[in-house]
Amino acid sequence: MALVSRSSVPPKSGELAASGDPLLGKLTEGDRETLAPYLERIELSPGAEIVREGETDRAMYFVLGGTARISRGGLELREVRHGDHFGELALIAGRPRAATITSNTRLSVALLTFERYRDLSREHPGLALRLVQELVSGVADRLLEMTDSVGLLLSERSLPRRTAVSVRVGGKVLSTPTGTPLSKLLPDSVEGRQVVAALVDRKALSLCAPVSSDCAVEPLTIDHAEGPRIYRLSQALVLLEAAQKLRPLLDLRMENSVGFAQRVQVPALPPEELGPLAHALEAEMRRVVEGDAPLREEQWTVDEARAYFASRGWDDLATLLETWRAPAVPLVAYGEVYALRLGPMLPSTGALSTSFRVLADESGLLMVYSRPARIHELATSEGNAPQVPASLLEQAREVSRQANLMTRKQSRWLDTLHVTSIGAFNRACIDGDVSQLIRVSEGFQEKRISRIADAILNRGPAVKVVTIAGPSSSGKTTFIKRLKVQLQVIGINPVGLSLDDYYVDREDTPKDDKGEYDYEAFEALRTDLLADHFRRLLSGETVKTAHYDFSTGTSHPTGGPDIHLGPKDILMLEGIHGLNPRLLDGIPEQSAFRIFACPLAQLPFDRLTRVHASDVRLLRRIVRDRHSRGYTAAANILRWTSVRDGERKHIFPFQHHADEVFDSSLIYELSVLKVFAERYLLEVPQSHPAYTTAFRLLALLDRFVTIYPDHVPPTSILREFIGGSGFEY
């Protein structure tokens with residue numbers, strides 16, 4: 001509190017009467033004379049914080065002169081002036097401050113502390129009781145005014161709202177008051193799994209959301225397909241809130257996810273400052289978590305939100321709101337930082353574990369999530385918080401380094417096109433730059449493939465095996481065909497070998513936890529046969545390769561074509577285990593070149609949220625499989641969790657072994673996929689378990705301007721999914 005003066009001389013009775021405060025006006029002159037010595041006069045300079053949101057001091061104030069503003073979560077609510085009082089709930093009930101009050105002008109107030117109020121109660125109990133009665137009466141008047149306003153809102157409906165609704169929870173039908181928070185209807189955990197949100201008629205909502213109609217409510221746990229996303233987004237918002245408290249002018253932005261961590265962009269800082277900043281942010285995040293700040297979900301008008309975010313430098317979101325079609329903008333906050341609400345979040349910061357880490361990472365930061373099962377499985381306990389193993393932290397740094405190298409290149413040309421966010425992309429499409437965006441995106445990828453081919457050539461003639469791996473729907477098939485062309489251009493002849501032909505006999509295939517054949521396990525391959533064929537091929541022999549009969553589940557060690565590697569030939573392998581060092585065990589390291597392919601760079605909505613690469617891959621898969629394989633969107637969504645589990649187990653742990661990373665993302669692709677995916681997602685019935693994810697993906701696509709596929713070239717990776725490819729599959 002920036003004081004001008006703090007006087008030991010209390011205000012006079014006449015000064016209290018002249019203040020115009022209705023509470024003081026209801027007291028007799030004698031009461032005011034008795035009360036005055038228990039008050040303290042304080043003078044504050046402009047810009048001084050009188051009380052701060054969340055603090056627990058117990059005192060109330062009477063405004064004798066000047067004005068101040070009330071704000072909550074950084075949003076200015078109203079003004080207090082001569083004749084007002086505030087802080088009575090803190091004084092009477094000990095409630096934390098609900099808002100911050102900052103002086104606009106030089107401000108004169110009379111302070112009644114809890115200690116002096118206790119003295120008043122002991123020495124003049126009758127006056128203390130009358131004062132409390134008047135304070136409670138004033139609170140009741142404001143509550144009645146609010147109730148009347150809500151009643152007026154409800155009266156505008158042709159049918160009145162019901163006071164109670166029927167909610168089905170766990171097979172039971174409950175009658176509950178309209179407006180009951182979902183958290184009151186659900187447990188905190190289910191079989192030890194944290195409940196992070198609620199499913200209301202299969203739609204995911206935050207636990208703080210109220211019920212307003214008859215519905216079925218189910219818990220959404222951390223193990224649900226949407227659970228980790230909700231948890232991680234909440235943790236990211238806590239990071240932004242911690243940064244706001246610690247360094248309000250620091251322009252932090254969440255960047256791409258890198259497995260169980262996420263990169264954080266920081267304005268240019270000397271490298272020596274990143275370590276202390278990471279340590280301070282991690283500590284402040286823990287304080288925010290321990291403070292258990294509640295989630296606030298609000299609806300703002302579009303104009304109000306656009307002006308607010310533009311004034312605070314959130315240009316990405318302000319630009320997105322220029323093409324916003326809904327009448328209101330959903331926002332979310334745990335404190336002062338507001339962000340776009342694109343789905344449910346944890347009901348309070350206290351629902352987070354404190355085992356997260358914030359690390360210095362090259363030119364920025366790396367936030368390691370506290371919740372992914374992979375970390376918890378490998379974690380060791382130290383005190384009450386599980387610790388992330390050092391080996392995983394180093395692996396996260398290496399993956400982040402590779403992703404940063406790739407996405408940084410794409411960011412440069414996007415900066416040139418002034419397309420750095422979804423809002424900017426939509427604006428460019430509306431302004432007629434669609435064809436140019438497509439041409440530049442495709443040209444960037446072709447140049448990147450050419451450079452990977454050059455990197456293979458520059459490694460010298462020792463390179464004899466190129467392995468390519470990546471998660472599902474990464475565009476590997478088209479990438480390989482285009483890489484083959486570029487290799488042939490520079491005089492290298494790629495010879496393909498399919499790992500699918502080296503499966504063991506079906507009865508020898510290992511089984512997963514469910515007792516089903518696990519074809520993704522490394523042990524499902526005949527690695528002994530592969531090693532023998534690799535050795536003989538690199539020795540210059542002609543090898544009769546293997547063949548696997550999927551219809552009978554039988555391995556034929558010599559059922560494939562003859563292969564011989566000449567001086568200009570190179571063996572090209574594509575498969576889920578392409579980055580696993582065990583695949584080429586015994587082969588000299590200089591003879592192998594490993595490539596990881598995945599859509600990496602995605603545009604942001606705002607500083608908190610960006611499109612996730614896994615959503616892009618799922619949408620690609622939904623469109624492709626609906627076109628060419630007859631699989632529905634619902635079937636693909638249900639299968640997706642298992643697919644991603646396999647990727648986390650067999651691909652991502654070895655990502656850091658890649659010699660080159662190919663980013664297969666296309667900046668315009670969601671606008672094209674939208675043409676097909678919207679209808680396929682709408683086919684998912686609301687009663688289906690896949691509806692939750694389908695509904696979220698529909699909301700995601702709705703934020704993009706539609707682009708029809710006419711201008712997508714036949715050699716594009718996108719053609720692998722929407723059809724019309726110039727390559728033969």
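Computed from a prediction, not measured in an experiment: that's the story for all the values here.
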(request) Compare all side-chain heavy atoms of Leu681 with those of Leu701 and state whether any distance is below 4.5 angstrom. (result) yes
(request) Identify the heavy atoms of Gly364 and Val266 that sit nearest to each other, and give their distance. (result) CA-CG2, 4.2 Å
(request) Answer yes or no: does atom NZ of Lys544 have more than 12 heavy-atom neighbours from other residues, nucleotides or ligands under 6.0 Å? (result) yes
(message) Using a 3.5 Å distance criterion without hydrogens, assess whether the side chain of Ser664 forms a donor-acceptor pair with backbone atoms of Ser474.
(response) yes
Using atom types as modelled, flag every donor-acceptor pair under 3.5 Å from a side chain in residues 705-713 to any protein atom, sequence neighbours excluded.
{"unit_1": "Thr706", "atom_1": "OG1", "unit_2": "Lys674", "atom_2": "NZ", "d": "3.4"}

(request) Report yes if some heavy atom in the side chain of His688 is under 4.5 Å from a heavy atom in the side chain of Ile637; otherwise report no. (result) no
(message) Please give me the minimum heavy-atom distance between Arg621 and Ser473, naming the atom from each residue.
(response) CB-OG, 3.1 Å
(request) Let me see the working for Tyr231 and Ile222 under side chain to side chain contact (heavy atoms under 4.5 Å, CB included), right down to the final yes or no. (result) CA-CA 8 Å; Tyr231 193 98; Ile222 191 66; 3.7 Å; yes
(request) Please determine, by modelled atom types, if Tyr502 and Thr545 share a side-chain donor-acceptor pair under 3.5 angstrom. (result) no
(message) As a test of understanding, state which of Arg620, Arg696, Gln602 forms a side-chain hydrogen bond (donor to acceptor under 3.5 Å, both in side chains) with Asp615.
(response) Arg696
(message) Once rounded to the nearest 0.5 Å, what's the spacing between atom CD of Glu574 and atom OG1 of Thr477?
(response) 6.0 Å
(request) Could you pull out the closest heavy-atom pair between Arg703 and Asn426, with the gap in Å? (result) O-ND2, 2.8 Å
N/O donor to acceptor pairs below 3.5 angstrom from side-chain atoms of residues 486-496, sequence neighbours left out:
{"unit_1": "Gln486", "atom_1": "NE2", "unit_2": "Glu446", "atom_2": "OE2", "d": "2.6"}
{"unit_1": "Asn493", "atom_1": "ND2", "unit_2": "Asp569", "atom_2": "OD1", "d": "2.9"}

(request) Please confirm whether the backbone N or O of Glu541 pairs with a side-chain atom of Ser539, one donor and one acceptor, at under 3.5 Å? (result) no
(message) Looking at every non-hydrogen atom in both residues, tell me the closest pair between Ile570 and Val465 and how far apart they are.
(response) CG1-N, 4.1 Å
(message) Looking at Asp663 and Ser665, would you say the former's side chain and the latter's main chain have a donor-acceptor pair under 3.5 Å?
(response) yes
(request) Considering only NZ, NE, NH1 and NH2 on the basic side and carboxylate oxygens on the acidic side, decide whether Glu720 and Lys481 come within less than 4.0 Å. (result) no
(request) Start with the C-alpha gap between Arg617 and Glu647, add the side-chain angles, then the distance that decides, and say whether salt bridge (Lys or Arg N to Asp or Glu O under 4.0 Å) holds. (result) CA-CA 12 Å; Arg617 294 193 290 111; Glu647 296 167 353; 2.9 Å; yes
(message) Just by distance, no angles: are the side chains of Glu683 and Thr632 close enough, under 3.5 Å, to form a donor-acceptor pair?
(response) no
(message) Is it the case that the side chain of Lys476 and the backbone of Pro471 share a donor-acceptor pair, with hydrogens and angles ignored and the cut-off at 3.5 Å?
(response) yes
(message) One pair to check against salt bridge (Lys or Arg N to Asp or Glu O under 4.0 Å): Arg648 and Asp645. What are the steps and the verdict?
(response) CA-CA 5 Å; Arg648 294 188 188 99; Asp645 286 344; 3.1 Å; yes
(request) Kindly give the heavy-atom pair with the smallest separation between Ile667 and Phe425, and that separation in Å. (result) O-CE1, 3.9 Å
(message) Any heavy-atom pair between the side chains of Phe676 and Phe721 that's under 4.5 Å?
(response) no
(message) Please report the interatomic distance CG(Leu525) to OH(Tyr548), rounded to the nearest 0.5 Å.
(response) 11.0 Å
(request) Decide yes or no for Leu499 and Leu530: does some side-chain heavy atom of the first lie under 4.5 Å from some side-chain heavy atom of the second? (result) yes
(message) So, taking the atom named OH in Tyr631 and the one named CZ in Arg626, what distance separates them when rounded to the nearest 0.5 Å?
(response) 13.5 Å
(request) Tell me, with the steps shown, if Tyr668 and Glu442 meet side chain to side chain contact (heavy atoms under 4.5 Å, CB included). (result) CA-CA 10 Å; Tyr668 68 91; Glu442 296 292 344; 2.7 Å; yes
(request) State, with a plain yes or no, whether a side-chain heavy atom of Leu666 is found less than 4.5 Å away from one of Val672. (result) no
(request) Ignoring hydrogens and angles, state whether a donor on the side chain of Ser642 or Arg639 is under 3.5 Å from an acceptor on the partner side chain. (result) yes
(message) Just so I know, are the side chains of Met572 and Ile468 near enough to count as touching, which here means a heavy-atom distance under 4.5 Å?
(response) yes
(request) To the nearest 0.5 Å, tell me how far Thr527 OG1 sits from Phe534 CZ. (result) 10.0 Å
(request) Go through the steps for Asp532 and Arg535 under the test salt bridge (Lys or Arg N to Asp or Glu O under 4.0 Å), then give the verdict. (result) CA-CA 5 Å; Asp532 177 63; Arg535 179 186 57 77; 2.8 Å; yes
(request) Considering non-hydrogen atoms only, spot the tightest contact between Arg610 and Pro604 and give its length. (result) CB-CA, 3.4 Å
(request) Please determine if Arg582 and Asp585 form a salt bridge, counting it only when a charged side-chain N lies under 4.0 Å from a carboxylate O. (result) no
(request) Answer yes if the side chains of Arg448 and Gln445 hold a donor-acceptor pair under 3.5 Å, and no otherwise. (result) no
(message) Has Ser370 got a side-chain atom pairing as donor or acceptor with Ser355's backbone, closer than 3.5 angstrom?
(response) no
(request) Check whether any side-chain N or O of Arg253 sits under 3.5 Å from a backbone N or O of Pro267 as a donor-acceptor pair, and report yes or no. (result) no
(request) State whether a side-chain donor-acceptor pair under 3.5 Å links Glu226 with Thr692. (result) no
(message) When you compare the side chain of Leu571 with that of Leu538, does any pair of heavy atoms fall below 4.5 Å?
(response) no
(request) Keeping the roles fixed (side chain from Gln262, backbone from Glu255), state whether a donor-acceptor pair exists under 3.5 Å. (result) yes
(message) When you compare the side chain of Lys511 with that of Asp518, does any pair of heavy atoms fall below 4.5 Å?
(response) no
(request) Could you label the plane-to-plane angle of the His556 and His547 rings as parallel, tilted or perpendicular, counting under 30° as parallel and over 60° as perpendicular? (result) parallel
(message) Return the CE to CD distance between Met254 and Gln265, rounded to the nearest 0.5 Å.
(response) 11.0 Å
(message) For Phe704 and Phe605, take the angle between the two ring planes, folded into 0 to 90°, and tell me which bin it lands in: parallel under 30, tilted 30 to 60, perpendicular over 60.
(response) perpendicular
(message) Could you go through Thr693 and Leu618, starting from their C-alpha distance and side-chain angles, then the distance that decides it, and tell me whether this counts as side chain to side chain contact (heavy atoms under 4.5 Å, CB included)?
(response) CA-CA 10 Å; Thr693 299; Leu618 176 54; 4.2 Å; yes
(request) State the CG-CD1 distance between Leu673 and Ile722, to the nearest 0.5 angstrom. (result) 7.0 Å
(request) Please state whether the rings of His657 and Phe654 are parallel, tilted or perpendicular, taking 30° and 60° as the class boundaries. (result) parallel
